[in-house]
Structures are given as structure tokens and as C-alpha cells.
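One structure is given below, encoded as C-alpha cells.
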Amino acid sequence: MTDLTQTARRSEVQPPQGRLAGQTFARLLQGGLIIVILYFALYALYFYQQPRALSAGSIAALMNNTVPLALAAAGQTFVIISRGFDLSVAGVISVCNVVMAVYPLDGPGGAVMSILMCVAIGGSVGAVNGFLVAYLRLQSIAATLATMIICQGVALVILNAPGGRVADWLSYELTDRLFKTIPISGLFVLAVVLAWLYLRRTSFGISLYAIGADEHAASLSGINVRKVRFFTFVSAGVLYGLAGFMLSAQTATGNPTSGTPLLLLSFAAVALGGTSLSGGKGSLFASVMGAATLMLLQKVLFSSGVSSFYTGVFQGCVLIIAVVFSGLIEKLGERAAKL
Amino acid sequence: MQISSLQAAAAKALVAESVRKAYGATVALQHADITLEGGEVHAVLGENGAGKSTLVRILTGATAPDAGSIHIHGEPYRPHSIEDARTHGVATAFQELSLVPNLTVAQNLLLPHLSRGIAGMVSGRRNIERAAQILAEHKLGRLDPRVDVSTLPLADRQRLEIVRALKNAGSVLILDEPTASLAETDWLFEQIERATERNVAVLYISHRLSEVREICRSATVLRNGATIASVSLTEATDGDIFEMMVGKKVREELSGEGRSRASGETRLKVSNLSGGTVEEVSFDLKAGEVLGIAALEGQGQRDVFRMLAGLERVDGGSVELDGKPYVAHSPRAALKAGSGVAYLPEERKTEGILAGMTAASNVVLPILGKVGFPAIVNDRVEFRMAKDAGERVDMAPRYLGFAIGDLSGGNQQKALIARVLATGARTLLLFDPTRGVDVGTKASIYAAIRAFTDEGGSVLFYSSELPELVQLADRCMVLYGGQIAATYPRDQIDEQRLVTAMTGHVDARERAAS
């Protein structure tokens, strides 16, 4: 009986179809529309300077350069959307790097073992961070600062000076191209982005945005805030582990401080992608593009003959311009959505 | 024998006995008893700080009680989370609203059980369908389930909060100040009736006694964390209830009625002001006058206040303060302009208080500049500066040293009003200054407003509670659709007239006449 009336009612309600125009625009902006445009504009400039820029070889070289930062920024995005900061990225990458240089495992089997090792290292550091932040309620910046210092110490214990050698199979194959065109390192990033696109459509993904915007409201809505926060840090740690793995393949050698330069750049990449550092909005893909833009900028400056000492100056300026610009566009978008 | 008493207990939707909760040294709830019958609307009455919020938190599973027992339909009930409470059929519409701003209406409504599609991914379409269905069942079909909650006006967010609780309430529905942002109660009462038809027990918390009398049959009065009595509302008079709540004979009527003094010169002259949803609004505010604004939600009252306070862009028209042009680009500029204009914002939690700082710091924040740069601002200096302003709103000095976030809503609001008074501005813009505060606090706030205008100050005053406007305003204008629909002098302000104008009927009549 109730079933009947319910079905009868059901047919009366016409759920709205399709998407709202203003919202679609906002989603695209959040998804990194601006940074994608900026990237291609910069690439056009690069191509203008270096006609060889579109050759498979130079695309792959650029991709290989970009991947470690892109993965680090991807992990950072998780934590930042949940309204937190994760400094442990530098420590995890350093530890993974020295482990791979000190214990090289050759061949495809060794590569699988290495990648599992890196993921395990990153995941466990992430679990420690998650425990400290979600369950002991430490501030994320303090907790991850501690784990970063610990990891850096561990890296020095394993390898006290730059040296060692990453397995040859790894450093050759992972920087190579599939069918002479597709850079293999790019496939890793692609896999991460696809995993993200899946994850953000799961209830975990939605909860992640919810606790970033308003943790209190999220918990009153029945979301298990602690669990979501914990797994946010674990996911981020896993991605840092992958970043460390790719960085090792890239440099083919070990360095106990190899993760440090990526620390601040990972935040820069996230901000450049338009992810708000105050949590609740942003996109992993946009951060990956942010990372790509920072590395491409280096290339462009190099090919323009600008001294590499100026790279930081330019990267900082681009960051400011991009953040101001995306703020302006967002305001325009809000106004358009209102009308 | 035992069986029959068990059956009797099972008939009650909820029985809570000797519930106790202490936070450190402060006992929030000493000894609370409450019994709800299925299908009954039961009010919980008490001043701010009486323990109502703590009781709600315990029943929803947000906090665990230190002692006492709770049974639902005869079964022991000890929820350890909001989700757990929901599985027992207990759901709450929170006073502070628990909606996540950056998620859509549909997602908020269905969290944490979103419909899944392929590979466990959340299905947008199916959630929108389900949400549209739920909204339509509760007569909110006009809301689009796809929009983000942050774009909704406050009243709709409150309705959404209520609908979500209704959806999850199988046996007990808790409504904590459900009308704080609603201008009318028809929709809410209809929904409550439908819930009671399903034999859901409703726990109704509100400061508005007239409203409580309309919908509830019985009430439990809390004072200082203990149940004073459970009474039938048909028998108890307002006086009885106030006495139980406050614990002493209530001071006379809330304030001196029938005051209509000859007003002084024009302080604020607004001509053809436009911006936001407001079109060409003109009015004068005189020295020593309380000018009320009555309106349903979202008729442009917010824009008027925010434009005058320098928070929103003015698109057209002009404003004069004491005969000189007045342009404020920020609240700070508004304070500095001429004799000063101070604004009391609507949302205490997000726009008003700085939760971690003491009440004294919160009060003196705008006037810290007076201390001068090299001088050190310590607690003592702040306390001295805040004390006077605190006295004007009848705020006990001992509260000044507490972190404001730990004070009750009423004391927070007093501190905020003390803040606008302390600025020394001669014009106050008070946006719903008594939202969600108890009777005693209201009386103090009214007295402070009166004292301020007696000294020649001017007050522009919006309230969602009509009796308040009737009581306090020297003149009252009604906004409808971003325009002034009518303005009434003191002797013509009554609720009937205001409601007619607020719903736009004056406009129609005038148009018909012309």
C-alpha cells in the first residue's frame, strides 16, 4: 500500500535535469581551467623559441622532469582540500630515494618490489600523520613538521652523503617512451589523475571536501571525520612514496636531502592550480598542471637564456599573478551564476 | 506487574531520567528528566545556559552523559555518534545549522548515505532524484537540489536542516530553535503535524512562547541544569512559566511601552539608495529615534544594512549623515565618518565573535586605537575599557574574562552589543539583535537600546520577531521586494498591519486605489 502511494508520488516529482550553467563554469574553474590555459600559452611560447619542443623526445624529457613534483603536489592536494598542511612530503621522498639507492633491485620484479616499498614507506608515514592529526588532534602543520624532521634524520642514517646507485633497469625503463612516443612516467601521472577522478566521486571524496569546508557541520551531518582525515593523510603519503620512486628513477642516484626542494614547490603547485589553502575546494588535476607549469617555466627561462638564478623570482611572480587572476575570474563566475 | 510497567515504558517514545553532564568543573546538566509520548510535541523551555543545548547534544549522540539513563520505546539508548542516534530514529535540526556550504542541496540532504552507481561511485542523477523527491514531499519542491548550499538564503538553509531531520526521524525529532531564521511558521507547523501523524515524538526548543503555545501541548522547564517541572501548557500561564524559568517573579513588562518622544534633527538621510536587491529606498533616521524594519526573509533588508555599514557596494542614490555626504567603503570608514555608524551583524558565530579571545577583548576591539601605539594593552586595560560598555547591556563583569566562545549565546550577544556601544558611534545598525536569545537577555538589550536613544543616539533596527518591533520601534517601515512598502508611525504599528504589508498586500491595495 505504502509502496503504491510512494510510486504514485514518485512519478509526480520531476527532478531537474542536466547541470546548471553557472555551476558547470564554476566546476571547470575549480578543475583547473585557468592553469590549463596558462600551460598551453606557455608551451606555445616554448615552441616559438624551440621548434623542437613538440618532438616526442623533448616532451618526454619535460614530462620526466615534471613527474616527481606533480605526484608530490597531488598528495599535498588531498591534505589541503581537507584543510591541513603536510610537510612530511620532503621527508618521505628523501627516505624513498635513499632506500632505492642503497638497496637497488634490478629487473621488472625488482621494480615492482621497489614501488611497493616506496608506497609502504609513504603509507606508513601518512598513517602516523593521520593518527597524530585525526585521533590525537595535533595541528597538521606541527605533526607533519615532526614527521618530516624524523624522516630526514632516517634518510641521513641510511645514507649520510649523496651517492649510491638506483637499479639500472628502473632508471632506463621509467624514463623511456612507450612505442617511441608516450613517456612512461606520464602514464603514472595519468593513472593517479584517473584514480583521483574516481575517488572524488565516491563518498570519501565528497566527505573530503565537506570536512575541508566545515568540519563541525560535516560531523553533525554524520560524516566520520576522523576516519576521513586519517585516510587523507595515508593517501597523500602513498603519493609521496610514488613521487620518491619516480624521482629516484629520474636522478638514478641517492641523496638524503633530495626531497627538500620539492616541499615548497608542492605548495606552490597546489596554489597555482587554484586550490584554496583554506580548504574545501580544489582539484588534484589542477595541482598536477600547476606543477607542470612551474617546470615548464624553468625550461622556457632556460631556453630564453635567463640565468637559472632568476628561476625562483619568475616562479614566484607567476604564482602571484595566477592566484590573483583566478580570484578575479572566480568573482566574475559568481556574479554570472547569480544573474 | 513488571511486564505492564515495561509495556508502559515502551509506550513512551523517549524517557530520560537523572541525566547528568559536567564539563570539567562546570556542571552543564545536573539532573534532567524528560518524557516524550509518541505523536506529541513537547517543548523544552529555559533561559540560555539552563542546559537545553547540552540535553540536545546528549540525545543526538554528540556527547555522552556522565550519569542517568535514557530509553527509547523501552529500549536502553546510549548513542555514541550522530549516525548511531539516527539508526535509533533520533534526528536533530541544529540551531547552528549543520549543513556543509560547498556541497549541493542533494548531497547535504542525503549524507552520509549517498546513492551509489557504477563501482561505488556516487551517482549524481540518482541523488538528485532522491533529493527532489524528499524536497517535494516536504513542500520544498521550489529548491533546486543541484545548487550549492552556500548560495541559499539563511531561511532556506534552516528549512533544509529541518527537512533532513524530518527525513531521518523515525521516533524522535529534535528541533532546536527551528524558527530562528524563519519569518513565518505555517510551513514548519504543517511539517511537524505530518511527523506527529507518523507517531514521531517532537522535542521543540524555542524562545518564542507564543509559538510554543501554538504547537505544543506540554513543556518541560529547565533551570540551572535541572528539570524544574513538566507542565501542561493549557494550564500554565506565561507568568507561571517565566517564573519557573527565571526562578523569581519576572520584572514587570519587558520595558516602558508607549514612549513616543519628539525626535531631534535628522541624523541619517537616505535618498534613492540602490544596490544588491534594493531599489531606490529613501528614509530619514532622526536623533533619539528607533526606526524599525519589518520584512520577510530576503526582501533586501540585509542589503540596506550592509550598504550603510560599508560592506556592500552602493549602486545608486546618496546618504547624508548629519547633513554631510556619507560614503563608507568599509565598516571602519563607517565608524570614522562624522558621528559614526556601527553595525551589528546577523550571524554571531561567523561575523561577530572572535571565539578564542576573551569577552573583554571582543568588546574593546574597535576602540583599541584609543590606547595609542606604544602603550601596552593587557587584560587589565581591556577589562577597564570593557566594563562600562558591559554595564550598559547588563553584562556581569565576571563574564568579561572568559573566552567568548565558552559563554552562552545570550552573553555573546550582549558582548557584541556592548562592542557597538563602546565604539561611541551615534548611529547603530542592529540586524536582528535578539535572534535566539532568552527573555532576560532580550530585556537587557531593549533597555540598552532605549538608554542609547534617550541620550540622543539613533538606531536602525531589523527584527524577525514582530512583537519586538511593535514594542521598540518609534517608526516602522516594511520592506517588500527591495522597496519600502509602507511606513507606520508609533501609534499605528501593530502585528496585523505589519504582516499585511510584509506579504505585499499594501502595495496591491495602493495600486488599486491609484
Side-chain angles (χ1 to χ4, degrees), chain A residues 2 5-24 26-27 30 81 83 194-195 197-228 276 278-282 334-335 337-338, chain B residues 57 60-62 81-87 91-92 94 96-104 106-137 141 143-151 161 164 168 349-350:
Chain A
T2 33
T5 49
Q6 282 216 335
T7 35
R9 271 212 209 119
R10 196 162 295 248
S11 56
E12 284 165 29
V13 182
Q14 273 296 332
Q17 300 290 326
R19 284 230 170 147
L20 299 171
Q23 219 171 11
T24 312
R27 295 268 144 87
Q30 261 199 25
I81 289 176
R83 195 192 289 229
L194 289 178
L197 290 179
Y198 164 72
L199 213 54
R200 70 160 293 166
R201 279 166 184 76
T202 62
S203 48
F204 171 74
I206 288 168
S207 306
L208 179 66
Y209 282 92
I211 65 172
D214 190 336
E215 179 173 337
H216 182 63
S219 78
L220 290 181
S221 303
I223 290 173
N224 189 338
V225 174
R226 282 192 222 173
K227 198 168 120 189
V228 173
S276 157
S278 52
K281 53 184 176 183
E334 271 169 24
R335 202 163 295 169
K338 263 187 200 165
Chain B
R57 288 173 60 79
T60 47
S81 70
I82 306 258
E83 211 21 48
D84 191 31
R86 277 190 196 166
T87 57
T92 307
F94 291 94
E96 72 264 38
L97 304 191
S98 61
L99 303 169
V100 184
N102 63 344
L103 299 187
T104 63
Q107 287 170 335
N108 266 289
L109 209 47
L110 301 172
L111 266 176
H113 299 294
L114 296 165
S115 291
R116 310 232 175 130
I118 318 144
M121 281 202 278
V122 169
S123 154
R125 189 178 46 79
R126 216 178 300 172
N127 282 314
I128 289 166
E129 275 174 20
R130 263 174 72 199
Q133 176 77 20
I134 293 167
L135 288 171
E137 274 170 22
L143 291 189
D144 189 330
R146 297 168 300 173
V147 302
D148 284 353
V149 163
S150 59
T151 63
E161 175 92 16
R164 183 167 68 173
N168 290 315
K349 193 173 102 177
T350 54

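Per chain, numbering begins at 1; letters A, B, ... match sequence-line order.
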### Message
Could you tell me if B:Gln133 and B:Glu137 have a donor-acceptor pair between their side chains, going purely by distance under 3.5 Å?
### Response
yes
### Message
I need the residue from B:His113, B:Glu161, B:Arg86 with the largest number of non-hydrogen atom pairs under 4.5 Å to chain A.
### Response
B:Arg86
### Task
Report the residues that fulfil side chain to side chain contact (heavy atoms under 4.5 Å, CB included) with A:Glu215, sequence neighbours left out, ordered by chain and then residue number.
A:Arg137, A:Val225, A:Arg229
### Query
Hey, does B:Arg164 have a side-chain heavy atom less than 4.5 Å from the side chain of B:Leu109?
yes
### Message
With a 4.5 angstrom heavy-atom cut-off, is it the side chain or the backbone of B:Leu99 that approaches chain A, or both, or neither?
### Response
backbone
### Query
Does any non-hydrogen side-chain atom of B:Ile134 lie less than 4.5 Å from one of B:Leu110?
yes
#### Entry: Which of B:Asp84, B:Leu103, B:Thr60, B:Asn108 touches chain A most, by non-hydrogen pairs under 4.5 Å
B:Leu103
